[in-house]
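First up is the structure itself, then whatever we jot down about it.
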There are 2 protein chains.
Amino acid sequence: MRDDSKKIPVAVKRRLPRYLRALGDLKKKGVEKISSGSLSDYLGYTASQIRQDLNHFGGFGQQGYGYNVEALCKEIEAILGLDRTHSIIIVGVGHLGQAMANYVEGYEKSYELVGLFDIKPALIGTEVGGIKIRSGDELEGFLKENSVDIAALCVNVESAQTVADKLAEGGVKGILNFAVTDLDLPEGVKVENVHISEFLEILTFDISDR
Amino acid sequence: MRDDSKKIPVAVKRRLPRYLRALGDLKKKGVEKISSGSLSDYLGYTASQIRQDLNHFGGFGQQGYGYNVEALCKEIEAILGLDRTHSIIIVGVGHLGQAMANYVEGYEKSYELVGLFDIKPALIGTEVGGIKIRSGDELEGFLKENSVDIAALCVNVESAQTVADKLAEGGVKGILNFAVTDLDLPEGVKVENVHISEFLEILTFDISDR
DNA sequence: ACATATCTGTTTAAATTTTAACATACTTAA
DNA sequence: TTAAGTATGTTAAAATTTAAACAGATATGT
């Protein structure tokens with residue numbers, strides 16, 4: 001939309017959800033305005049960094065006043081794309097897939113869960129969150145018929161790449177990958193990895209006395 | 001252990017699990033040696049970065065030869081602390097908690113699942129992975145009796161801080177936090193956040209055409 | 001209305017992270 | 001045994017990220 005938004009540094013991008021969460025909390029508390037200094041206390045980022053981050057999207061603050069919580073919240077939502085609705089499917093409805101479904105339900109309008117897929121016969125046909133679980137065989141056909149923006153990939157490592165290929169072929173724009181493997185995908189399909197076991201390993205490194 | 005290891009850059013630390021995974025794959029394939037160049041093709045990091053990363057831990061390569069896969073694998077395991085066994089409990093045995101339990105089972109010797117806790121009466125007393133789910137009320141007592149290294153925090157946002165306080169008080173060294181909130185903890189207790197909804201938001205940002 | 005304090009946007013500097021370059025050492029094959 | 005090729009460790013440069021500094025604009029209290 002805005003033409004300079006391509007240049008938003010990766011580091012800034014990854015902080016946006018945290019800003020949004022903080023602002024949502026403040027809004028809920030009835031806070032109307034906030035300064036970079038107060039937000040710094042709240043978030044643990046330096047006030048300087050907050051001002052610089054927010055400035056990538058244009059001046060939303062006012063000197064001597066601060067930032068309007070409501071307005072800034074809306075703005076960041078728009079930047080992240082949460083002001084629109086994105087269709088989501090979940091492939092692999094094990095524990096992780098169901099946990100993911102719960103997260104998706106938490107958003108009022110930003111996401112719409114449109115499909116669940118699994119290959120386990122016992123699961124096919126049952127419902128999760130009011131949505132029927134379809135057979136994995138139906139995935140390709142489903143993607144032809146329906147426009148899917150995001151797929152949460154909650155299958156095991158072995159089948160991850162195969163499923164990912166089908167998702168890419170079917171026109172999915174982004175994959176939230178929970179399988180602990182690195183997917184090879186065509187240009188244009190975005191991937192966000194959530195390699196849980198790696199977080200555990202990093203934590204283990206941190207607690208190992210050294 | 002090594003006295004300069006405190007200086008390992010954060011960015012390097014966070015890449016270690018990925019190195020370990022790649023080396024494990026190679027070992028499984030029977031590859032004995034690997035050069036930084038080949039590893040670069042495999043991982044997508046530059047060869048230069050790989051050499052520089054690995055050098056933080058001492059020279060494990062050999063000029064004209066490369067790196068011994070087996071030896072390097074062992075070394076990184078040791079650096080991460082995976083050559084020892086760490087006790088783990090999971091607090092909150094919903095879908096996420098059970099998924100987490102599965103991950104832990106995947107490690108042969110590095111982790112030992114020693115306890116599961118939940119407050120839902122229907123769950124208490126049932127077993128997951130051969131471990132009985134205890135009542136949340138027993139948590140403090142359990143921590144007094146047992147030495148717990150890591151806790152996976154899989155409870156809802158509302159109770160996360162309260163539980164985290166008990167964990168810290170009980171001597172837990174690290175918390176893998178799945179609750180989408182920022183925990184306030186005493187110095188010395190490490191936290192690794194896995195804020196799944198934030199990954200989804202970042203992915204949404206990436207796919208939003210701009 | 002005015003002075004003082006507040007707070008942003010922006011510029012400049014520091015720190016961190018990544019990439020490139022290269023000298024040196026080892027391997028391999030003839 | 002020797003020469004050519006390979007590949008590391010290390011140093012230097014570039015890029016990115018974070019922090020500090022400050023000028024200018026707004027708010028607030030008297």
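Source: prediction; values computed, not measured. Within every chain, numbering begins at 1; the chains are lettered A, B, ... in the order of the sequence lines, protein sequences first and strands thereafter.
- Between A:N55 atom CG and C:dC7 atom C1' there is a gap of 13 Å when expressed in whole angstrom units.
- Within the 4.5 Å cutoff, the side chain of B:F142 has heavy atoms near those of the B:I89 side chain.
- With DNA chain D read from its 5' end, the first of the two nearest nucleotides for A:A11 and B:L54 is the one closest to B:L54.
- Note that the OH atom of B:Y111 and the CG atom of B:D149 stand 10.0 Å from one another [nearest 0.5 Å].
- Across the protein-nucleic acid pair, B:L72 atom CG and D:dT8 atom P stand 11 Å apart, rounded to whole Å.
- Atom CG in A:N68 sits roughly 12 Å away from atom P in D:dA27 (whole-Å rounding).
- The distance from atom CD1 of A:I50 to atom P of C:dC7 is 13 Å, rounded to the nearest whole Å.
- One donor-acceptor pair, N or O on each side, does fall under 3.5 Å between the base of D:dA20 and the side chain of A:S48.
- In this structure, CZ of A:F57 is placed 13 Å from P of C:dG9, rounded to the nearest angstrom.
- Overall bending of the helix from C:dA1-D:dT30 to C:dA30-D:dT1, expressed as the angle between end axes built from five pairs apiece, is 20° (10° steps).
- The distance from the CG atom of A:L23 to the CG atom of A:L39 is 6.0 Å, given to the nearest 0.5 Å.
- Remark: of the listed residues A:I150, A:N193, A:L183, A:L183 is the sole one forming a side-chain contact (heavy atoms from CB on, under 4.5 Å) with A:I175.
- Of the residues in residues 12-28 of chain B, B:R15 come within less than 4.0 Å of DNA chain C through at least one heavy atom, sorted by number.
- In this model, the phosphate group of C:dT8 is approached by a side-chain N or O of A:S36 to a distance below 4.0 Å at OP1 or OP2.
- At whole-Å resolution of the value, NE2 in B:H56 and C1' in C:dT16 are 11 Å apart.
- Remark: side-chain polar atoms of B:T204 are paired, donor with acceptor, to backbone N or O of B:L200 under 3.5 angstrom.
- In terms of the ring-ring contact (aromatic ring centres under 6.0 Å, His included) criterion, B:Y103 has no residue partners (sequence neighbours excluded).
- Atom CD of B:Q49 is separated from atom P of D:dT16 by 14 Å (rounded to the nearest Å).
- Rounded to the nearest 0.5 Å, atoms CD1 (B:I202) and CG (A:L80) are 8.0 Å apart.
- For D:dT18, the OP1/OP2 oxygens have no side-chain nitrogen or oxygen of A:T46 closer than 4.0 Å.
- B:E198 pairs by the salt bridge (Lys or Arg N to Asp or Glu O under 4.0 Å) definition with A:R21, not counting sequence neighbours.
- Taking only side-chain nitrogens and oxygens, A:Y67 comes nearer than 4.0 Å to OP1 or OP2 of C:dG9.
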Whether each nucleotide of nucleotides 23-30 of chain C has a protein heavy atom under 4.0 Å at its base (B), only at its sugar-phosphate (S) or at neither (-) is summarised, 5' to 3', as -BBBS---
Less than 3.5 Å apart, which donor and acceptor atoms pair up between the side chains of residues 62-69 of chain B and the rest of the protein, not counting sequence neighbours?
| unit_1 | atom_1 | unit_2 | atom_2 | d |
| --- | --- | --- | --- | --- |
| B:N68 | OD1 | B:E70 | N | 3.1 |
| B:N68 | OD1 | B:A71 | N | 2.8 |

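- Spacing between atom CG of A:D53 and atom C1' of C:dT8 amounts to 14 Å, rounded to whole angstrom units.
- Residue B:R51 has its side chain nearest to D:dT8 when only C:dT11, D:dT8, C:dT19 are considered.
- In this structure, SG on A:C154 lies 7.5 Å from CG on A:L176, to the nearest 0.5 angstrom.
- Surrounding CD of A:E138 are more than 12 heavy atoms belonging to other residues, nucleotides or ligands, all under 6.0 Å away.
- Between the side chains of B:S159 and B:T162, no donor-acceptor pair of N or O atoms lies under 3.5 Å.
- At a cut-off of 3.5 angstrom, counting only N and O atoms as typed in the model, there is a donor on one side and an acceptor on the other between the side-chain of A:Q52 and the base of C:dT11.
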